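Following: one structure in structure tokens, then a few remarks.
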Amino acid sequence: MEKIDFETVLVEASRLPYVKIDRELFLRKELRGKYSKEIVDLAIEYNPAYAGIKAEDLDQIAKSCITSETTKVTALSAAAGIPGGFGLIGAIPADLAQYFGHILRALQELIYIYGWKELDLNTNNMSEETKNILTLFVGIMFGVNGAATAVNKMAGQMAKQVAKKLPQKALTKGVVYPVVKKVATMLGVHMTKDIFAKGVSKAIPVLGAAISGGLTYVTYKPMAEKLKRYLETCEIANVDFYKEMQNEDIIDVKVTEA
């Protein structure tokens with residue numbers, strides 16, 4: 001069995017028409033009717049925590065998104081598990097692309113809920129910056145060592161940019177390239193194992209769909225929940241962090257005036 005290259009999976013899955021999540025449209029949909037227009041606008045301009053949206057509210061929105069995406073990907077996976085189901089998309093099996101496409105959807109939704117800026121999923125020429133960020137977040141979902149440490153550095157940098165209302169800068173310049181490379185390599189191993197598991201399920205004519213759908217359900221949802229638990233611990237998703245930073249700015253202004 002030939003080993004799957006993670007970057008190939010990433011690029012091919014991102015080309016699926018339903019994968020890209022528009023951050024503004026997504027946040028407006030999730031926040032409209034629950035908060036005032038002023039709060040929604042702040043959440044979009046900066047992020048939900050900066051706008052003062054409480055952690056328990058973000059938690060409920062995130063859980064709803066995970067449930068929705070899990071339902072969709074499980075149904076697709078079951079269809080792909082039927083012998084003679086999906087074929088190939090580009091250089092990878094279609095069921096893996098579909099599965100990973102929904103991983104990218106959940107990933108985007110969760111990071112936008114918890115304060116990150118929009119990712120540039122340009123399917124024709126995805127930037128290295130975006131590839132690196134996606135690789136590290138997916139690494140967290142799969143439990144790859146080193147991914148969370150690298151994202152911690154980016155999260156702190158992003159939180160300060162938001163709090164100080166600074167222009168967004170590249171986040172992965174300070175992340176050591178070997179870390180991203182190592183995470184991508186480990187993810188390739190996971191993808192290869194997943195191909196094998198799905199291949200075995202398709203070899204069973206009657207139970208193939210049920211097994212494939214079941215494998216997806218028991219792997220996808222826990223991974224999305226793992227990313228959610230990580231994101232809610234970051235400063236960028238902490239309402240109190242922004243309040244403290246704003247208080248410091250007020251004190252600095254008063255001292256300067258004095």
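The first residue of the sequence shown is numbered 1, and numbering continues consecutively from there. Remember, it's a predicted structure, so these values are computed and weren't measured experimentally.
T71 contributes a side-chain N or O that, together with a main-chain N or O of T67, makes up a donor-acceptor pair within less than 3.5 Å. With hydrogens and angles disregarded, a donor-acceptor distance shorter than 3.5 Å links the side chain of R23 to the backbone of W116. Judged by distance alone, the side chain of Y242 and the main-chain N or O of I236 form a donor-acceptor pair under 3.5 Å. For S64 (side chain) and I61 (main-chain N/O), no donor-acceptor pair under 3.5 Å exists by modelled atom type. Remark: side-chain polar atoms of Y35 are not paired, donor with acceptor, to backbone N or O of A51 under 3.5 angstrom. In this structure a side-chain-to-backbone donor-acceptor pair under 3.5 Å is missing from K243 to V239. Q108 places a side-chain N or O within donor-acceptor distance of the main-chain N or O of V19, the cut-off being under 3.5 Å.
With sequence neighbours left out, E225 forms a salt bridge (charged side-chain N to carboxylate O under 4.0 Å, His left out) with no residue at all. Partners of K228 by side chain to side chain donor-acceptor pair (under 3.5 Å), not counting sequence neighbours, listed by chain and number: D59, E232. Partners of Y230 by side chain to side chain donor-acceptor pair (under 3.5 Å), not counting sequence neighbours, listed by chain and number: N152. Under the side chain to side chain donor-acceptor pair (under 3.5 Å) criterion, E7 pairs with K131, sequence neighbours left out. By the salt bridge (charged side-chain N to carboxylate O under 4.0 Å, His left out) test, R105 pairs with E69, E109, sequence neighbours left out. Remark: E45 engages no residue in a side chain to side chain donor-acceptor pair (under 3.5 Å) (not counting sequence neighbours).
For the pair L134/F6, no side-chain contact is recorded, criterion being any heavy-atom separation below 4.5 Å from C-beta on. With contacts defined as side-chain heavy-atom distances shorter than 4.5 Å, the pair R229/K226 qualifies. Using a 4.5 Å heavy-atom cutoff, the side chains of I66 and K221 are in contact. At a threshold of 4.5 Å between non-hydrogen side-chain atoms, the residues K20 and E118 count as touching. A 4.5 Å side-chain heavy-atom check between M158 and C234 finds every atom pair outside the cut-off. Residues F142 and V183 form no side-chain contact, since every pair of their non-hydrogen atoms from C-beta on lies 4.5 Å or further apart.
To the nearest 0.5 Å, the span separating OH on Y112 from CG on D22 amounts to 8.0 Å. Between E129 atom CD and M154 atom CE the span is 7.5 Å, to the nearest 0.5 Å. Here I21 contributes atom CD1 and L104 contributes atom CG; the two are 10.0 Å apart, rounded to the nearest 0.5 Å. Expressed to the nearest 0.5 Å, how far CG of D120 lies from OG1 of T130 amounts to 5.0 Å. M223 contributes atom CE, which lies 9.5 Å from atom OG1 of T70 (distance to the nearest 0.5 angstrom). To the nearest 0.5 Å, atom NZ of residue K117 and atom CD1 of residue I111 are 12.0 Å apart.
Closest non-hydrogen pair, N238 versus A49, comes out as N-CB, 3.9 Å. Contact record, G101 with A13: N-CB, 3.9 Å, taken as the closest heavy-atom pair. Closest heavy-atom contact between A224 and L110: O-CD1, 3.5 Å. Minimum heavy-atom separation, A43 to L27: O-CD1, 4.0 Å.
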Review point. What do the steps show when you test L31 against I53 for side chain to side chain contact (heavy atoms under 4.5 Å, CB included), and what is the final call?
Key: CA-CA 10 Å; L31 302 178; I53 298 177; 3.8 Å; yes
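Partner of L107 under the side chain to side chain contact (heavy atoms under 4.5 Å, CB included) criterion, out of L231, L227, I140: L227 alone.
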